[in-house]
Amino acid sequence: MLKKYEFLKTMGGERLENVFKPEIGFGLLGDFGHCLCCEYKDADFETVTDMLEHLSKTNRFTLTVQFLSSKEKEDMNNLFVKLKQSLGDRDGAVLESLQKTYDVKL
């Protein structure tokens, strides 16, 4: 899982958006959420929120979010809990916006 996490970080948000611009296939968003949740470190806050923001700009994103399994939704919720805990002095507006975009209810 750590290799996937490092790969996603290396790709970065903008590149992920470009790769998945046509659409992010069912299952991939859930896999990404699981990976990010499992391996998240506080120091990666900006990188992870950037990835989430860029992935949300892909086609059919809203539909993909609606079809997340209960386990995938749980992983997303847990990821956002971790992000919120590491918010610190950062502006929480971006995180709140992403929370709505990903339909996360904390």
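- Across all their heavy atoms, Phe45 and Leu83 have their closest contact at CE1-O, 3.4 Å.
- Taking OG from Ser97 and CG from Leu52, the interatomic distance works out to 11.0 Å, rounded to the nearest 0.5 Å.
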Worked check of side-chain contact (heavy atoms from CB on, under 4.5 Å) between Glu53 and Thr101:
CA-CA 9 Å; Glu53 191 167 6; Thr101 302; over 6 Å; no

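- Remark: Leu29 CG to Ser56 OG distance equals 10.0 Å, nearest 0.5 Å.
- Applying the side-chain hydrogen bond (donor to acceptor under 3.5 Å, both in side chains) test to Lys105 and every residue at least two apart in sequence or in another chain returns Asp103.
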Which pairs of donor and acceptor atoms, one on a side chain in residues 11-21, lie under 3.5 Å apart (sequence neighbours left out)?
{"from": "Glu17", "atom 1": "OE1", "to": "His54", "atom 2": "ND1", "distance (Å)": "2.5"}
{"from": "Asn18", "atom 1": "ND2", "to": "Glu14", "atom 2": "O", "distance (Å)": "3.4"}
{"from": "Lys21", "atom 1": "NZ", "to": "Lys57", "atom 2": "O", "distance (Å)": "3.0"}

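- The side-chain hydrogen bond (donor to acceptor under 3.5 Å, both in side chains) contacts involving residues 24-37 comprise His34-Asp75, where partners must be two or more places apart or lie in separate chains.
- A search for salt bridge (charged side-chain N to carboxylate O under 4.0 Å, His left out) contacts involving Glu46 returns Arg90, not counting sequence neighbours.
- The salt bridge (charged side-chain N to carboxylate O under 4.0 Å, His left out) test applied to Lys84 returns no partner, not counting sequence neighbours.
- Applying the ring-ring contact (aromatic ring centres under 6.0 Å, His included) test to pairs two or more places apart or on separate chains, those with a residue in residues 74-101 are Phe80-Tyr102.
- Between Thr64 and Thr58, the closest side-chain pair of non-hydrogen atoms is not below 4.5 Å.
- Residues that satisfy the side-chain hydrogen bond (donor to acceptor under 3.5 Å, both in side chains) test with Ser86, not counting sequence neighbours, are Tyr40.
- Residues forming a salt bridge (charged side-chain N to carboxylate O under 4.0 Å, His left out) with Glu23 (at least two apart in sequence, or on another chain): Arg60.
- Taking Ile, Leu, Val, Met, Phe, Trp and Tyr as hydrophobic and joining them when side-chain heavy atoms fall under 4.5 Å apart, one finds Leu63 in a cluster with Phe26, Phe67.
- Side-chain contact check for Leu106 versus Val104: some heavy-atom pair is nearer than 4.5 Å.
- In this structure, CD1 on Ile24 lies 4.5 Å from CG on Leu55, to the nearest 0.5 angstrom.
- In this structure, the side-chain contact (heavy atoms from CB on, under 4.5 Å) partners of Asn78, at least two apart in sequence or on a different chain, are Cys37, Glu74.
- Tyr5 has its side chain within reach of Val48: a pair of non-hydrogen atoms, C-beta onward, lies under 4.5 Å apart.
- With sequence neighbours left out, Asp44 forms a salt bridge (charged side-chain N to carboxylate O under 4.0 Å, His left out) with Lys9.
- Of the possible polar contacts, none joining the Gln85 side chain to the Lys82 backbone as a donor-acceptor pair under 3.5 Å is found.
- In this structure, Ser69 contributes its side chain and Glu72 its backbone to a donor-acceptor pair below 3.5 Å.
- Leu36 is not connected to Met1 by any chain of hydrophobic side-chain contacts under 4.5 Å among Ile, Leu, Val, Met, Phe, Trp and Tyr, and they are in different clusters.
- Here Cys35 contributes atom SG and Lys3 contributes atom NZ; the two are 13.0 Å apart, rounded to the nearest 0.5 Å.
- Applying the side-chain contact (heavy atoms from CB on, under 4.5 Å) rule to Thr62 yields the partners Gln66; only residues at least two apart in sequence or on another chain are considered.
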